[in-house]
Q: 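Here's a structure for you.
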Amino acid sequence: PPAEWTEQEQALWRAFRRGDWLDLRTLGGGEDVHNWQSWTPQRTIAADVLADLLLAGPSAMHGRARSLRLNGARISGQLALDGASIGHQIELWNCYFEEPILLRGAHTRRISLAGSRVPELRLHNLDVDGELAFERISTAGLVDLADASVSRSVRFIEARLTNHHG
């Protein structure tokens with residue numbers, strides 16, 4: 001992993017190669033994504049690190065499939081993957097995102113943001129070969145799925161979607 005990445009970002013790099021989960025909830029501050037302010041700084045992962053892994057990540061370990069699987073992280077910066085072709089599953093559970101997620105015109109296999117808190121989801125023209133799973137997601141902003149194509153299911157079970165600005 002890149003030497004300039006934090007210890008947790010390097011651990012995510014290793015987990016990505018194996019297709020394993022990295023669970024940062026054990027690093028303190030509780031599990032409730034709505035109380036993310038109490039989380040320790042060690043739970044922060046830069047959005048650019050996620051983008052680097054998804055677009056130009058390391059090769060998979062022998063006999064394993066790469067997947068981005070992260071639980072309980074604060075994502076700093078904007079996850080901007082407009083137009084990207086992503087060949088991996090994306091599972092970002094119970095994460096707090098500082099900025100909107102941008103996946104306009106992107107193509108991927110599966111996205112799950114279960115239990116996460118996101119300011120906005122800009123997914124216009126997104127193409128997903130599998131499912132789009134947004135169980136227990138929370139957002140107070142725009143959720144744009146216009147012209148998106150999802151080959152399997154789109155799930156918003158127990159989602160909290162509010163937009164006071166229209």
Side-chain angles (χ1 to χ4, degrees), residues 1-61 63-82 84 86-103 106 108-123 126 128 130-141 143 155-162:
E4 65 275 9
W5 286 7
T6 68
E7 181 181 342
Q8 287 72 32
E9 291 168 345
Q10 291 182 19
L12 183 60
W13 184 92
R14 290 186 290 277
F16 177 79
R17 290 192 66 212
R18 297 186 308 268
D20 288 343
W21 282 96
L22 177 63
D23 191 346
L24 299 181
R25 294 175 300 168
T26 60
L27 296 178
E31 295 189 13
D32 185 1
V33 71
H34 298 286
N35 291 325
W36 64 270
Q37 298 94 337
S38 66
W39 292 0
T40 62
Q42 292 80 13
R43 291 178 68 171
T44 301
I45 300 286
D48 288 345
V49 167
L50 302 181
D52 285 349
L53 290 171
L54 292 169
L55 299 177
S59 60
M61 291 185 71
R64 306 296 291 265
R66 297 181 294 173
S67 293
L68 183 59
R69 293 181 167 140
L70 179 61
N71 196 346
R74 175 180 173 218
I75 309 301
S76 65
Q78 185 161 67
L79 184 56
L81 295 167
D82 287 343
I86 303 162
H88 322 293
Q89 292 191 63
I90 303 169
E91 297 182 80
L92 301 169
W93 290 8
N94 304 303
C95 291
Y96 172 81
F97 289 81
E98 291 181 345
E99 298 185 34
I101 295 175
L102 307 179
L103 283 163
T108 190
R109 302 183 70 190
R110 177 179 187 269
I111 301 174
S112 175
L113 299 175
S116 291
R117 186 172 177 189
V118 183
E120 291 185 3
L121 291 166
R122 296 179 181 245
L123 311 176
L126 175 67
V128 181
E131 70 177 343
L132 201 53
F134 292 154
E135 294 97 339
R136 300 175 325 280
I137 194 171
S138 174
T139 183
V143 176
R155 297 195 318 251
F156 281 94
I157 299 167
E158 297 182 31
R160 293 184 359 190
L161 309 176
T162 57

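Throughout, residue positions are numbered sequentially from 1 according to the sequence presented.
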Q: Hey, does Leu92 have a side-chain heavy atom less than 4.5 Å from the side chain of Phe97?
A: yes

Q: With no hydrogens and no angle check, is any side-chain donor or acceptor of Thr40 less than 3.5 Å from a backbone partner on Leu27?
A: yes

Q: Which atom pair, heavy atoms only, marks the closest approach of Pro119 to Glu99?
A: CG-C, 3.4 Å

Q: Is the shortest heavy-atom distance from the side chain of Leu121 to the side chain of Phe134 under 4.5 Å?
A: yes

Q: Taking atom CZ of Arg109 as the centre, report whether more than 12 heavy atoms of other residues, nucleotides or ligands fall under 6.0 Å from it.
A: no

Q: Are Ile45 and Gln8 side-chain neighbours, meaning at least one heavy-atom pair lies under 4.5 Å?
A: yes

Q: Locate the shortest heavy-atom distance separating Leu24 from Gly72; write the atom from each residue and the value.
A: CB-O, 3.7 Å

Q: Restricting to non-hydrogen atoms, name the atom on Arg69 and the atom on Glu91 that form the minimum distance, rounded to 0.1 Å.
A: NE-OE2, 2.6 Å

Q: So which heavy atom on Ser38 is nearest to which on Gly29, and how close?
A: OG-O, 2.8 Å

Q: For Phe156, is there any backbone N or O sitting under 3.5 Å from a side-chain donor or acceptor partner on Glu135?
A: no

Q: Kindly compute the distance separating CD (Gln42) from OG1 (Thr26), expressed to the nearest 0.5 Å.
A: 10.5 Å

Q: Side chain of Gln10, backbone of Pro1: donor and acceptor closer than 3.5 Å?
A: no

Q: Any ion pair linking Glu31 and Arg25 (charged N to carboxylate O, less than 4.0 Å)?
A: yes

Q: Go through the steps for Arg74 and Cys95 under the test side-chain contact (heavy atoms from CB on, under 4.5 Å), then give the verdict.
A: CA-CA 6 Å; Arg74 175 180 173 218; Cys95 291; over 6 Å; no

Q: Counting the benzene-type ring for Trp, do Phe16 and His88 have ring centres under 6.0 Å apart?
A: yes

Q: Please examine the side chains of Leu113 and Ile111, heavy atoms only from C-beta on, and report whether any two atoms are closer than 4.5 Å.
A: yes

Q: To the nearest 0.5 Å, what is the distance between CH2 on Trp36 and CD1 on Ile75?
A: 12.5 Å

Q: From Gln78 CD over to Arg122 CZ, what is the distance, rounded to the nearest 0.5 angstrom?
A: 8.5 Å

Q: How close do Gly28 and Arg43 get, counting heavy atoms only, and between which atoms?
A: O-NH1, 2.8 Å

Q: Nearest 0.5 Å, please: how far is OG in Ser67 from CZ in Arg18?
A: 12.0 Å

Q: Kindly determine whether Arg64 and Asp20 satisfy side-chain contact (heavy atoms from CB on, under 4.5 Å), including the steps that lead there.
A: CA-CA 9 Å; Arg64 306 296 291 265; Asp20 288 343; 2.8 Å; yes

Q: Is there a side-chain contact (heavy atoms from CB on, under 4.5 Å) between Arg136 and Ser138 once you walk through the steps?
A: CA-CA 6 Å; Arg136 300 175 325 280; Ser138 174; over 6 Å; no

Q: Is the closest side-chain heavy-atom distance between Asp23 and Leu70 below 4.5 Å?
A: no

Q: State, yes or no, whether a side-chain contact exists between Thr162 and Thr139 at a heavy-atom distance under 4.5 Å.
A: no

Q: Verify the neighbour count for atom CZ of Arg160: are there more than 12 heavy atoms of other residues, nucleotides or ligands below 6.0 Å?
A: no

Q: Working to the nearest 0.5 Å, report the span between CG of Leu55 and CG of Leu50.
A: 10.5 Å

Q: Where do Glu131 and Arg155 land on the side-chain contact (heavy atoms from CB on, under 4.5 Å) test, with the steps shown first?
A: CA-CA 8 Å; Glu131 70 177 343; Arg155 297 195 318 251; 2.4 Å; yes

Q: Restricting to non-hydrogen atoms, name the atom on Glu9 and the atom on Ala46 that form the minimum distance, rounded to 0.1 Å.
A: OE2-N, 2.9 Å

Q: So with a 6.0 Å cut-off around CD of Gln37, is the heavy-atom count from everything else above 12?
A: yes

Q: Hey, what do you get for CG (Leu102) to CG (Asp82), rounding to the nearest 0.5 Å?
A: 5.0 Å

Q: Do Leu103 and Ile86 come close enough that some side-chain heavy atom pair is under 4.5 Å?
A: yes

Q: Taking the side chain as everything from C-beta on, heavy atoms only, tell me whether Leu132 gets closer than 4.5 Å to Leu126.
A: yes

Q: In terms of ring plane angle, is the pair Trp21 and Trp93 parallel, tilted or perpendicular, where the classes change at 30° and 60°?
A: tilted

